[in-house]
Amino acid sequence: MELREAVAQDIFLRRKTNIDPDRILIVPGGKVTMWNAILMLGGKGKEIIYPNPGFPIYESVINYSGARAVPLKLHSKADFDYDIDQLKSLINKKTSLIIFNSPSNPTGGLISKKDMDKIVNLLEQNPQTFILSDEIYSRIIYDNEDFYSMLAYPQIIDRLILLDGWSKTYAMTGWRIGYGIWPKKLIKISERLNINSFSCTNAPTQYAAIAALKGPQNFVDQMVLAFNKRRKIIFDEVNKIDGFTCNQSKGAFYSMPSIKRTGLSSDQIQNILLYKLGIATVSGASFGKFGEGYLRISYANSEKKILEALKRIKDFTELEKWKNA
Ligand code: PLP
């Protein structure tokens with residue numbers, strides 16, 4: 001309860017919403033909330049809409065549940081914004097859940113207030129569907145942009161599942177701790193799934209999570225400032241690489257350049273970078289079929305290493321064009 005109360009306080013501070021701690025479930029990592037939500041709302045005969053390219057676990061668990069995975073295409077030309085007309089065209093009576101992720105892994109996209117209002121308007125017209133808002137990167141945002149949480153919309157709150165945790169804001173990925181805010185009608189089912197699998201989140205980690213929330217927060221801002229510097233370096237330098245075109249990301253710690261002009265597939269580029277140059281990136285195709293033609297670069301690494309990696313790629317393309325690689 002002490003941790004759930006600390007989460008409720010944090011929600012009030014950052015999302016300006018009063019949440020009863022009884023609606024919060026502490027779980028071992030962010031993934032558990034999406035796993036529970038998709039399992040309970042998926043299954044044969046159901047359809048679940050999810051962002052693509054997107055965090056790969058969404059599609060994987062939807063398929064596992066037996067539901068039809070319906071991708072919502074995100075495109076670099078649209079700055080990886082959610083296409084609301086496309087979303088509207090995908091919703092039907094079978095749609096049991098729609099997944100949103102802002103700021104986004106892998107695109108670095110961020111849903112604006114204007115788009116969020118439109119999305120919520122559309123959701124209001126479709127009361128049969130639940131909503132999963134994955135807000136795990138909510139504190140990692142650039143250019144003084146504001147973060148808009150789906151919790152700010154009381155008209156959808158009775159069918160909103162919110163996912164957040166400590167993995168990104170506090171770099172506590174290895175501690176395995178996250179939380180979900182659940183609608184009253186689903187929380188008991190989620191609790192039962194938890195009791196039947198992991199029982200509870202280990203107590204020392206819960207105390208660490210309280211310390212993270214109640215302790216000084218200035219280092220989160222310092223971390224975001226460091227990410228911001230790396231983000232700008234990546235944007236500038238990647239755009240100088242032959243065949244690569246990069247958008248400026250707005251949140252999270254990822255950039256997703258298009259590599260279409262190289263004439264090679266995302267997997268091919270990923271493997272050349274890894275095996276010839278010793279640079280780890282992730283092929284866009286790992287994030288769904290609409291990720292083909294892109295590459296995800298993470299800037300959860302030092303400025304020095306990022307500069308070295310980008311120099312290696314640039315030197316390589318000056319010597320050898322991608323086609324001969
Ligand atoms: N949601 C998104 C969009 C993520 O990128 C991640 C981790 O990469 C998670 C959820 C899961 O985080 P956790 O490590 O806390 O399970």
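Counting convention: from 1, in listed order, for ligands and their atoms alike.
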Could you tell me, for ligand 1, which of its N or O atoms are under 3.5 Å from any protein N or O, listing the pairs and their distances rounded to 0.1 Å?
from, atom 1, to, atom 2, distance (Å)
ligand 1, 1 (N), Asp134, OD1, 3.4
ligand 1, 1 (N), Asp134, OD2, 2.6
ligand 1, 5 (O), Asn105, ND2, 2.7
ligand 1, 5 (O), Tyr137, OH, 2.8
ligand 1, 8 (O), Lys168, NZ, 2.7
ligand 1, 14 (O), Ser167, OG, 3.3
ligand 1, 14 (O), Arg176, NH1, 2.9
ligand 1, 15 (O), Gly30, N, 2.7
ligand 1, 15 (O), Ser167, OG, 2.6
ligand 1, 16 (O), Gly30, N, 3.1
ligand 1, 16 (O), Lys31, N, 3.0
ligand 1, 16 (O), Arg176, NH2, 2.8

Could you go through the ring-ring contact (aromatic ring centres under 6.0 Å, His included) check for Tyr58 and Trp35 one step at a time? CA-CA 8 Å; Tyr58 306 141; Trp35 169 257; over 10 Å; no
Run the numbers on Ser249 and Tyr299 for side chain to side chain donor-acceptor pair (under 3.5 Å), then give the verdict. CA-CA 11 Å; Ser249 61; Tyr299 33 104; 2.7 Å; yes
CA sep, side-chain torsions, deciding dist, call: Asp236, Lys240, salt bridge (charged side-chain N to carboxylate O under 4.0 Å, His left out): CA-CA 7 Å; Asp236 290 341; Lys240 291 180 194 159; over 6 Å; no
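Looking at Ile111 and Tyr148, their side chains never come closer than 4.5 Å, going by heavy atoms from C-beta outward.
No option in Leu225, Asn228, Leu110 other than Asn228 meets the side chain to side chain contact (heavy atoms under 4.5 Å, CB included) test with Tyr142. Of the listed residues (Asp143, Asp81, Asp146), just one forms a salt bridge (Lys or Arg N to Asp or Glu O under 4.0 Å) with Lys250, and that residue is Asp81.
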